[in-house]
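This structure is a prediction, so every number in the text was calculated from the model and none was measured.
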Amino acid sequence: MKIPAIVYLLSAIITVYSSLVTAQEALRQIKVLDEQSKIIALTFDDGPILGVTQPMLSLLDKYQAKATFFNIGKKIKQNPQLTHLVIASGHEIGNHSWSHKKLTELNSEQQQLEIHQFQQQAKLVGLKPTLFRAPFLKTNQSIEQLLIDEQLLLVSASVMAKDAKKNVAVNNIVKKLSEGIKSGDIILMHEREHTLQALKILLPLWKQEGYQFVTVSQLIALSVVTED
Ligand SMILES: [Zn+2]
């Protein structure tokens, strides 16, 4: 199966999809239209991080893998060149808030600032992200309404690497992500050194199993939304 380089219909599809998602639902896993194809969306949260983002991009490149990076606005401000590199390599940037606070503990004005300030920072590097992942995956109705206002689609994940903390054993990540992966999965990882090492083992494994690696937006474009 060939994946289109540019998905023109994407924004239209996201708009339709957004209207289908009820207030409490976030995009986790979707049914890929072509049942023969094996597609997964790799996602990396909490970057960009100097010394991690660059080798991550080189590794992904080696396997023709495209991914979605849910960046933190403040960190883009510190290292805009890294976000430029991510985009130039054909990946996607998603909104992961301005400063990674637990948004459910903020009032709606502060929540709006966390979401909007990211969009403003992204605009400075020429981007208008369409995807949002909540810090700690915590959301509430007020956040969901703000996302609709900002035309952002809430994205969760179907598989978690549990790699956010320091010193996670590479083998644990490999074990978690090498079993039970299926087409349509959205895999949540973080920009971490141990994740990079785990991916050196996982990417060739997945490739051998016939998987292709796409951004979340590409996955949406190649899928249908089901109620499961
Ligand atoms: Zn995060």
Are any of the side-chain nitrogens in R192 or D46 under 4.0 Å away from the carboxylate oxygens of its partner?
yes
Return the minimal non-hydrogen interatomic distance between [X] and [Y], and the atom names on each side.
X    : Y    : answer
L60  : A67  : CD1-CB, 4.1 Å
S183 : I39  : OG-N, 3.0 Å
P129 : I93  : CB-O, 3.6 Å
T68  : V216 : OG1-N, 2.8 Å
A157 : R133 : CB-NH2, 3.8 Å
T139 : A134 : CG2-CB, 3.4 Å

Side-chain heavy-atom pair [X], [Y] within 4.5 angstrom cut-off:
X    : Y    : value
L153 : L147 : no
I115 : I143 : yes
N79  : Q81  : yes
L124 : P80  : no
E92  : Q218 : no
L152 : Q119 : yes
L33  : S223 : no
L103 : P135 : yes

Report yes or no: does [X] contribute a side-chain atom to a donor-acceptor pair with the main-chain N or O of [Y] at less than 3.5 Å?
X    : Y    : value
H194 : D163 : yes
Q54  : G51  : yes
T195 : E191 : no

What's the spacing between [X] [atom1] and [Y] [atom2] if we round to 0.5 Å?
X    : Y    : atom1 : atom2 : answer
S97  : Q111 : OG    : CD    : 11.0 Å
N140 : Q145 : CG    : CD    : 11.5 Å
W206 : L42  : CH2   : CG    : 5.5 Å
K75  : S99  : NZ    : OG    : 11.0 Å
N95  : N71  : CG    : CG    : 9.5 Å
Q208 : L203 : CD    : CG    : 12.5 Å

side-chain contact (heavy atoms from CB on, under 4.5 Å) with D45: of H96, M189, H100, only one passes, and it is H96
Ring pair (Phe, Tyr, Trp, His ring centres under 6.0 Å) filter on F69, not counting sequence neighbours, yields F44, H91
Q112: which residues meet the side chain to side chain donor-acceptor pair (under 3.5 Å) condition with it, sequence neighbours left out?
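Checked Q112 against side chain to side chain donor-acceptor pair (under 3.5 Å); zero matches.
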Please list all pairs meeting salt bridge (Lys or Arg N to Asp or Glu O under 4.0 Å) that have one or both residues in residues 52-69, counting only residues at least two apart or in different chains.
none
Tell me which pairs pass salt bridge (Lys or Arg N to Asp or Glu O under 4.0 Å) where either residue lies in residues 109-119, with sequence neighbours left out.
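Qualifying pairs, neighbours excluded: K101-E114.
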Does one hydrophobic cluster hold both [X] and [Y], with members joined at side-chain heavy-atom distances below 4.5 Å?
X    : Y    : result
F118 : I49  : yes
I220 : F70  : yes
Y63  : V159 : yes
L222 : L219 : yes
L82  : W98  : no

Residues 164-175, side-chain donor-acceptor partners within the protein, below 3.5 Å, at least two apart:
none

Set out, in order, the CA-CA distance, both residues' side-chain angles and the distance that settles side chain to side chain contact (heavy atoms under 4.5 Å, CB included) for I40 and F213, then state yes or no.
CA-CA 5 Å; I40 48 177; F213 316 102; 3.7 Å; yes
In the hydrophobic clustering that connects Ile, Leu, Val, Met, Phe, Trp and Tyr at side-chain heavy-atom distances below 4.5 Å, which members other than L188 occupy its cluster, ordered by chain and number?
L137, M160
Heavy atoms of other groups near Q36 CD, more than 12 under 6.0 Å
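12 or below, so no.
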Count the heavy atoms of every other residue, nucleotide or ligand shown that sit under 6.0 Å from NZ of K207, and state whether that count exceeds 12.
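Counting neighbours around NZ of K207, more than 12 heavy atoms of other residues, nucleotides or ligands fall under 6.0 Å, so yes.
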Stepwise, does the side chain to side chain contact (heavy atoms under 4.5 Å, CB included) test hold for T215 with L131?
CA-CA 11 Å; T215 66; L131 305 176; over 6 Å; no
